[in-house]
Engineer: 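The following block contains the structure, expressed as structure tokens.
So that the names make sense, note that chain A is the first sequence line, chain B the second, and so on, each numbered from 1. Please read all numbers here as calculations on a predicted model, not as lab measurements.
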Protein chains: 2
Amino acid sequence: MKRKTIEDYVELVYDLQKRGKRVHTNDIASALNIKPASVTEIFQKLDSEGYINYEKYSGVTLTSRGRNLAIRTKKKHQALKEFLILLGVDKQVAEKDACEMEHILDPTTMDIIIKFVEMINRCEITPFWLERFKRFVESGRLEECPPELVMLCQKVQKN
Amino acid sequence: MKRKTIEDYVELVYDLQKRGKRVHTNDIASALNIKPASVTEIFQKLDSEGYINYEKYSGVTLTSRGRNLAIRTKKKHQALKEFLILLGVDKQVAEKDACEMEHILDPTTMDIIIKFVEMINRCEITPFWLERFKRFVESGRLEECPPELVMLCQKVQKN
DNA sequence: CCCGTTTTTTAGGTATGCCTAAACATCGGA
DNA sequence: TCCGATGTTTAGGCATACCTAAAAAACGGG
């Protein structure tokens, strides 16, 4: 990950806060591979913007504003990761890309992706087209769609 | 768009170069809503990194290295935009999001997305599941999958 | 071909997000 | 309780990507 955003920090504070109490500069610094001194500055900024309660030398807790942002961000992250994995992206890569995408996508795009994941998850079986797609990604060769399936789809489409 | 990357500039030079000859600071500046003075700096940097040939006061042309990067970037951009539009994202939004995504996605993810677009484009008809998905996005209600379709898919899957 | 207009460059400035080194607080064992 | 180890903050620095104002070059009509 390159440039970190407010959302990244808030999300991380949220995660670290769960298993324990207040979150300290060192916790963030070691998780993100930056220096504690930088985290202090970040804490000051996040505090001034109302996302955390910062007390010198004793770590931070999230405000409700911060918690909301963290939860929203985590949901986006989760949906994006699931989405990519569904398409056949490697889990590690999906994690990384989701982390970047969560900051840049338009809310309407995000919404569509969330719905996509939901649709797939609600299927009883992994859809045929998705299996076929993954085989395509694997092999580079796109197999023909079974003609009876094409015909049935056309028929269903008409109604 | 916020921070612009090398790829953005190279891509833009490529586009502007096509209809005309050398590209000037003002062309870029007005296209990206930044000041000509900033473009001069960017030209100097791109020149030092071998993407463009920069001649003071007379604009730039792309090197082959620059042209390659531009073309690669444009392909990514195009595939991403198509991908989003396929899923039902508004064209304007798709344009914007594609522009951000093209810089951050892992090559393997990009490859999968390109294949996805290819798969859909090779279908004789818009796939049933995709139509169904778009109706879901529109209405918020996910209609049941026709049972005969589910059954056929299961059957096909077995072979 | 000269001079005013337009375009481009230079020089210097701002904000941001990170850094290091050093000062400072806190914590826990002797 | 004192002190050294550990953790945190401050101060100052660097790089980046933009900016403005002013100098310099190029352009083009009279």
Engineer: Can you sort out the partners of A:E148 under salt bridge (charged side-chain N to carboxylate O under 4.0 Å, His left out), two or more places apart, ordered by chain and number?
Structural biologist: none
Engineer: In residues 32-40 of chain B, what donor-acceptor pairs under 3.5 Å come from side-chain atoms, sequence neighbours left out?
Structural biologist:
{"from": "B:T40", "atom 1": "OG1", "to": "B:P36", "atom 2": "O", "distance (Å)": "3.4"}

Engineer: What pairs with B:D111 under side-chain hydrogen bond (donor to acceptor under 3.5 Å, both in side chains), at least two apart in sequence or on another chain?
Structural biologist: B:K115
Engineer: Name the atoms and distances for all side-chain donor-acceptor pairs under 3.5 Å in residues 132-144 of chain A, with sequence neighbours left out.
Structural biologist:
{"from": "A:R132", "atom 1": "NE", "to": "A:E143", "atom 2": "O", "distance (Å)": "3.0"}
{"from": "A:R132", "atom 1": "NH2", "to": "A:E143", "atom 2": "O", "distance (Å)": "3.0"}
{"from": "A:K134", "atom 1": "NZ", "to": "A:L86", "atom 2": "O", "distance (Å)": "3.4"}
{"from": "A:R135", "atom 1": "NE", "to": "A:E143", "atom 2": "OE1", "distance (Å)": "3.0"}
{"from": "A:R135", "atom 1": "NE", "to": "A:E143", "atom 2": "OE2", "distance (Å)": "3.2"}
{"from": "A:R135", "atom 1": "NH2", "to": "A:E143", "atom 2": "OE2", "distance (Å)": "2.7"}
{"from": "A:S139", "atom 1": "OG", "to": "A:R135", "atom 2": "O", "distance (Å)": "2.9"}
{"from": "A:S139", "atom 1": "OG", "to": "A:R141", "atom 2": "N", "distance (Å)": "3.0"}
{"from": "A:S139", "atom 1": "OG", "to": "A:R141", "atom 2": "O", "distance (Å)": "3.2"}

Engineer: Nearest whole angstrom, please: distance from the C1' of D:dT6 to the CG of A:D27.
Structural biologist: 13 Å
Engineer: Under a criterion of less than 4.0 angstrom to any heavy atom of chain B, what are the 5'-terminal and 3'-terminal contacting nucleotides of DNA chain C?
Structural biologist: C:dT7 to C:dG12
Engineer: Using salt bridge (charged side-chain N to carboxylate O under 4.0 Å, His left out) as the criterion, list what pairs up with A:D27, not counting sequence neighbours.
Structural biologist: none
Engineer: Hey, what do you get for CD (A:E7) to OG1 (A:T73), rounding to the nearest 0.5 Å?
Structural biologist: 4.0 Å
Engineer: Show me the donor-acceptor pairs, under 3.5 Å and distance only, between side chains in residues 57-65 of chain A and residues at least two apart or in other chains.
Structural biologist:
{"from": "A:S58", "atom 1": "OG", "to": "A:E55", "atom 2": "O", "distance (Å)": "3.2"}
{"from": "A:T61", "atom 1": "OG1", "to": "A:N53", "atom 2": "OD1", "distance (Å)": "3.4"}
{"from": "A:T63", "atom 1": "OG1", "to": "A:G50", "atom 2": "O", "distance (Å)": "2.7"}
{"from": "A:T63", "atom 1": "OG1", "to": "A:Y51", "atom 2": "O", "distance (Å)": "3.0"}
{"from": "A:T63", "atom 1": "OG1", "to": "A:R65", "atom 2": "N", "distance (Å)": "3.4"}
{"from": "A:T63", "atom 1": "OG1", "to": "A:G66", "atom 2": "N", "distance (Å)": "3.0"}
{"from": "A:R65", "atom 1": "NE", "to": "A:E49", "atom 2": "O", "distance (Å)": "3.1"}
{"from": "A:R65", "atom 1": "NH2", "to": "A:Y51", "atom 2": "OH", "distance (Å)": "3.2"}

Engineer: Going by salt bridge (charged side-chain N to carboxylate O under 4.0 Å, His left out), name the residues that satisfy it together with B:D47, two or more places apart in sequence or in a different chain.
Structural biologist: none
Engineer: Are there any protein N/O atoms within less than 3.5 Å of an N/O atom in nucleotides 15-19 of chain D, and if so, which ones and at what distance?
Structural biologist:
{"from": "D:dA17", "atom 1": "OP2", "to": "B:K45", "atom 2": "NZ", "distance (Å)": "3.2"}
{"from": "D:dC18", "atom 1": "OP2", "to": "B:Y9", "atom 2": "OH", "distance (Å)": "2.9"}
{"from": "D:dC18", "atom 1": "N4", "to": "B:E41", "atom 2": "OE1", "distance (Å)": "3.3"}
{"from": "D:dC19", "atom 1": "OP2", "to": "B:K35", "atom 2": "N", "distance (Å)": "3.0"}
{"from": "D:dC19", "atom 1": "OP2", "to": "B:S38", "atom 2": "OG", "distance (Å)": "2.6"}
{"from": "D:dC19", "atom 1": "N4", "to": "B:E41", "atom 2": "OE2", "distance (Å)": "2.8"}

Engineer: Check every strand shown and say whether B:T40 touches a base, only sugar-phosphate, or nothing at a heavy-atom separation below 4.0 Å.
Structural biologist: base
Engineer: Got a sec, which pairs hit side chain to side chain donor-acceptor pair (under 3.5 Å) with one end in residues 75-91 of chain A, sequence neighbours left out?
Structural biologist: A:H77-A:E95, A:H77-A:E102, A:K81-A:E95, A:E82-A:N121
Engineer: Expressed as a whole number of angstroms, how long is the span from B:E55:CD to D:dA26:P?
Structural biologist: 11 Å
Engineer: Roughly what angle, to 10°, lies between the helix axis at the start of the helix from C:dC1-D:dG30 to C:dA30-D:dT1 and the one at its end, five pairs per end?
Structural biologist: 10°
Engineer: Can you tell me how far CG of B:L149 sits from CE of B:M151, rounded to the nearest 0.5 angstrom?
Structural biologist: 10.0 Å
Engineer: Can you sort out the partners of A:F43 under ring-ring contact (aromatic ring centres under 6.0 Å, His included), two or more places apart, ordered by chain and number?
Structural biologist: A:Y54
Engineer: Which part of the nucleic acid does B:F43 contact within heavy-atom distance under 4.0 Å: base, sugar-phosphate only, or nothing?
Structural biologist: nothing
Engineer: Round to the nearest Å and state the distance from B:Y57 atom OH to D:dC27 atom P.
Structural biologist: 12 Å
